[in-house]
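See structure below.
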Amino acid sequence: MLASIPASNSVEPTRSGFWRRFARNRAAVIGLVLVLIVVAMALLAPYLSANGPWDMVQRPYLWPGDAPGFLLGTDTLGRDLFSGLLYGARVSLLIGLVATATAVLIGTAVGAVAGYFGGWTDTILMRLTEIIQTMPPMILAIVIVAVFTPTVTTVMLAIATISWPAIARLVRGETLRLRNTEFVQSCLALGMNDGRIILTQILPNCLAPVVVTASVMVSSAILIEAGLAFLGLSDPDMMSWGLMIATGREALRTAWYIVTIPGLAILFTVLGLNLLGDGLNDALNPRLKER
């Protein structure tokens, strides 16, 4: 009977199978370790450093290892770089995660509605998506932040604005594929309303590609924030890795470590997120079950 058809004709892998496939991918495990290290740095910042990120605690341009208690040295104002690195992880991760979550929510809603209803709804929403995508992402982010006051909120809003179209197109494609499947048609025959079908039948089956894309978008958001901070368009009251690079660029020739240390932090974080995304793609893709 139609009533007995489970709502999970989903092709999602089982939890145990997912972890087994994920663990077989050594690069993905390395990526997960790198991400966990950065998360631990952000969470344990007050316990790992006795100094605040804004405290001028030593003479400027103190090279790493030149003085006890200053593992990574000091910047142009005598602030502890190790402390800045820890607290900067908080801001960079916050911006990356919140901006990505906002983009995923907007893009998922737009893509699901456009793909499910089609017609003029699809045309209007996709034209809006294409308008955003035709604009150079970094330039659009700069314009948004420059128009408003450069704060963490406006930076996250700018990044979310340039990021959601990719999610929207992905979810729309998955929705178009799923809306004519037997389990969706059976739900329609049972009288289930459109909103419930989208939320309980279609979106759960779009979860795997969205999760993979979101993991990569977090790294993109961190890079964009660093670029905005380098241009002086990030929140000057929040210590981020991008702000650390911006403040150290004037001393790039004489004290290159001030820029290199947060730059390496961004490098390894982005690398870890990309490796994690690749691992999630392999583990969540049902076509790779037997590999």
Side-chain angles (χ1 to χ4, degrees), residues 27 30-97 99 138 141-142 145 150 152 155 159 216-277:
I30 293 173
L32 178 62
V33 170
L34 290 174
V35 172
L36 290 178
I37 290 174
V38 176
V39 172
M41 288 169 54
L43 295 177
L44 301 176
Y47 306 100
L48 297 177
S49 176
N51 305 312
W54 301 101
D55 298 339
M56 291 178 280
V57 292
Q58 253 287 359
R59 65 176 177 84
Y61 302 111
L62 181 69
W63 278 71
D66 279 359
F70 296 93
L71 180 64
L72 301 179
T74 59
D75 65 5
T76 56
L77 297 177
R79 296 175 297 201
D80 186 3
L81 280 177
F82 181 66
S83 177
L85 193 70
L86 296 176
Y87 283 92
R90 287 185 163 188
V91 177
S92 295
L93 284 179
L94 173 67
I95 291 174
L97 292 173
M138 192 63 184
I142 291 173
V145 176
V152 169
V155 169
I159 296 173
V216 178
M217 286 176 60
V218 174
S219 62
S220 298
I222 293 174
L223 287 173
I224 293 171
E225 186 279 330
L228 292 173
F230 188 80
L231 296 173
L233 293 173
S234 187
D235 193 333
D237 298 323
M238 299 292 287
M239 181 63 72
S240 68
W241 293 335
L243 184 61
M244 293 175 68
I245 293 174
T247 57
R249 62 183 175 183
E250 297 178 357
L252 185 58
R253 292 180 179 272
T254 57
W256 50 265
Y257 67 92
I258 299 176
V259 172
T260 302
I261 290 172
L264 288 174
I266 294 175
L267 169 65
F268 286 115
T269 302
V270 171
L271 175 63
L273 287 167
N274 286 331
L275 292 176
L276 179 61

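Quick caveat: nothing in here was measured; it's all calculated off a predicted structure.
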(request) Determine which pairs satisfy salt bridge (Lys or Arg N to Asp or Glu O under 4.0 Å) with at least one residue from residues 64-83, sequence neighbours left out, and list them in order. (result)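 For residues 64-83: D75-R79.
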(request) If a pair satisfies salt bridge (Lys or Arg N to Asp or Glu O under 4.0 Å) and one of its residues is in residues 224-239, list it, with sequence neighbours excluded. (result)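 Matches after skipping sequence neighbours: none remain.
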Going by heavy atoms in the side chains, are [X] and [Y] under 4.5 Å from each other?
X    : Y    : answer
I245 : R249 : no
L85  : M41  : yes
I222 : L273 : yes
T269 : L34  : no

Minimum-distance pair of heavy atoms, taken over all atoms of [X] and [Y]:
X    : Y    : result
L93  : V38  : CD1-CG1, 3.7 Å
G52  : S83  : C-OG, 3.2 Å
A45  : L86  : CB-CB, 3.8 Å
I258 : G248 : CG2-CA, 3.6 Å
P150 : P236 : O-CD, 3.9 Å
A226 : I266 : CB-CD1, 3.7 Å

(request) May I ask you to decide if the ring planes of W63 and Y257 are parallel, tilted or perpendicular, using 30° and 60° as cut-offs? (result)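 Ring orientation, 0 to 90° scale: tilted.
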Nearest-0.5 Å distance that lies between atom [atom1] in [X] and atom [atom2] in [Y]:
X    : Y    : atom1 : atom2 : answer
L77  : D55  : CG    : CG    : 12.0 Å
L223 : I159 : CG    : CD1   : 9.5 Å
Y87  : W241 : OH    : CH2   : 15.0 Å
R90  : M239 : CZ    : CE    : 13.5 Å
S219 : N274 : OG    : CG    : 4.0 Å
L276 : L271 : CG    : CG    : 11.0 Å

(request) Dump the intermediate steps for side chain to side chain contact (heavy atoms under 4.5 Å, CB included) on F70 and V57, then the final yes or no. (result) CA-CA 10 Å; F70 296 93; V57 292; 3.2 Å; yes
Looking at [X] and [Y], would you say the former's side chain and the latter's main chain have a donor-acceptor pair under 3.5 Å?
X    : Y    : value
T74  : L62  : yes
Y61  : G73  : no
T247 : M244 : yes

